Amino acid sequence: MGKVAIVMGSDSDLPTMSDAAKVLEEFGIEYFISVVSAHRTPERMFEFAKNAHKTFDVVIAGAGGAAHLPGMIASMTRLPVIGVPIKTSTLSGIDSLYSIVQMPAGIPVATVAIGNAKNAGLLAAQIIALKDERIAEKIEEFRKKQSGEVLEKAKKLEELGWDKYLGTK
Ligand code: RP5
């Protein structure tokens, strides 16, 4: 049974990062969630990253601004690391995105879109599903439900036309 670590640079990242936790809860995947700051608690980050493989299968790391946390963790663990660029008020998260996505060759971080911790949770679940059939089935169900919802909307739009569709929305 896989276990995921969700870490973030600050508790101000929690409203975004909680979307990853929600996905893992929906799929019944065990997780740890906490604050580990690359800049403010570098020794804690070092301890976490060095030992992560003993407890976890995947790490989700969110950070904003000069977002070094995902890359630094990735440099110290062989676990797959998924980086979540946090949307910032000054540069809208472009700073976070570039900091996380532009890793040098040799140390990969799987980077999701700005603020998209939901996809980080889903990607972590897909990694866990490689060795857990129960989770694989839940992902299939999730996708079926998601497609069904879109098809229902398409049908309604085709039946009503755009103006009535917007009016009933
Ligand atoms: C980063 O600095 C954190 O990941 C956060 O996104 C950003 C700002 O942190 P706070 O000043 O809100 O604690 O390390």
Side-chain angles (χ1 to χ4, degrees), residues 1-132 135 138-139 142-143 145-146 149:
M1 166 82 189
K3 197 170 172 188
V4 178
I6 304 173
V7 291
M8 63 208 86
S10 167
D11 65 345
S12 64
D13 302 329
L14 187 57
T16 299
M17 296 305 291
S18 59
D19 286 346
K22 283 178 205 159
V23 169
L24 299 177
E25 281 192 16
E26 192 181 324
F27 290 159
I29 296 171
E30 229 187 304
Y31 65 92
F32 163 82
I33 185 163
S34 193
V35 174
V36 176
S37 169
H39 302 124
R40 293 167 177 156
T41 64
E43 279 154 23
R44 173 170 162 80
M45 177 195 64
F46 188 90
E47 276 309 301
F48 168 80
K50 278 279 165 206
N51 296 304
H53 67 280
K54 296 177 191 163
T55 314
F56 307 109
D57 296 293
V58 187
V59 176
I60 297 173
H68 296 132
L69 182 67
M72 287 305 296
I73 290 175
S75 75
M76 287 183 276
T77 182
R78 61 176 179 267
L79 296 179
V81 176
I82 305 168
V84 182
I86 301 292
K87 186 169 183 176
T88 51
S89 53
T90 42
L91 295 170
S92 302
I94 294 290
D95 43 354
S96 323
L97 175 67
Y98 286 174
S99 301
I100 295 175
V101 81
Q102 290 291 66
M103 286 296 290
I107 303 293
V109 169
T111 311
V112 297
I114 297 169
N116 202 333
K118 178 174 180 172
N119 269 2
L122 287 168
L123 187 53
Q126 287 176 222
I127 293 168
I128 300 287
L130 289 171
K131 289 194 174 173
D132 189 330
I135 304 301
K138 288 192 177 184
I139 290 167
F142 165 83
R143 293 223 171 164
K145 186 169 167 253
Q146 183 168 250
E149 285 164 3

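In each ligand, atom 1 is the first atom listed, and ligand 1 is the first ligand listed. Here, residue 1 is the first one in the sequence, and each next residue gets the next number. Quantities reported herein were computed from a predicted structural model and do not represent experimental measurements.
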Worksheet item: Counting each atom of ligand 1 from 1 as listed, which ones have a heavy atom of G9 under 4.0 Å away?
Response: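 So the answer, numbered in order with elements, is 3 (C), 4 (O).
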Worksheet item: Hey, which atoms in ligand 1 end up nearer than 4.0 Å to a heavy atom of S10?
Response: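 Listed by number with element, the hits are 3 (C), 4 (O), 5 (C), 9 (O), 10 (P), 12 (O), 13 (O).
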Practice prompt. Answer yes or no: is there a donor N or O on one side and an acceptor on the other, between the side chain of R40 and the main chain of S10, under 3.5 Å?
Written response: no
Fill in: Protein heavy atom at shortest distance from atom 8 (C) of ligand 1
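The closest heavy atom on the protein side is S12 OG, 4.2 Å.
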Practice prompt. Give the contacting part of A63 toward ligand 1: side chain, backbone, both or neither, where contact means a heavy-atom distance below 4.0 Å.
Written response: both
Practice prompt. Using a 4.0 Å heavy-atom cut-off, say whether R40 meets ligand 1 through its side chain, its backbone, both or neither.
Written response: side chain
Worksheet entry | Heavy-atom check, side chain of V84 versus side chain of D13, under 4.5 Å | no
Fill in: Closest to atom 6 (O) of ligand 1 (judged by heavy-atom distance), picking from V7, D13, I86, D95
D13
Worksheet entry | Minimum non-hydrogen distance to atom 2 (O) of ligand 1, winning option of P85, A67, G65, G64 | G64
Worksheet item: For F46, does the CZ atom sit with more than 12 other heavy atoms under 6.0 Å from it, leaving out its own atoms?
Response: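 Count not over threshold, so no.
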Worksheet item: Do K145 and E149 sit within salt-bridge range, that is, some charged N less than 4.0 Å from a carboxylate O?
Response: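 Yes, charged N to carboxylate O under 4.0 Å.
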Donor-acceptor pairs under 3.5 Å, side chain of residues 66-75 to any protein atom, not counting sequence neighbours: which ones?
| residue | atom | partner | partner atom | Å |
| --- | --- | --- | --- | --- |
| H68 | ND1 | H39 | NE2 | 2.6 |
| S75 | OG | M72 | O | 2.6 |

Discussion item. Against M8, only a single residue in V36, I33, I60 fulfils side chain to side chain contact (heavy atoms under 4.5 Å, CB included); can you say which?
Written reply: I33
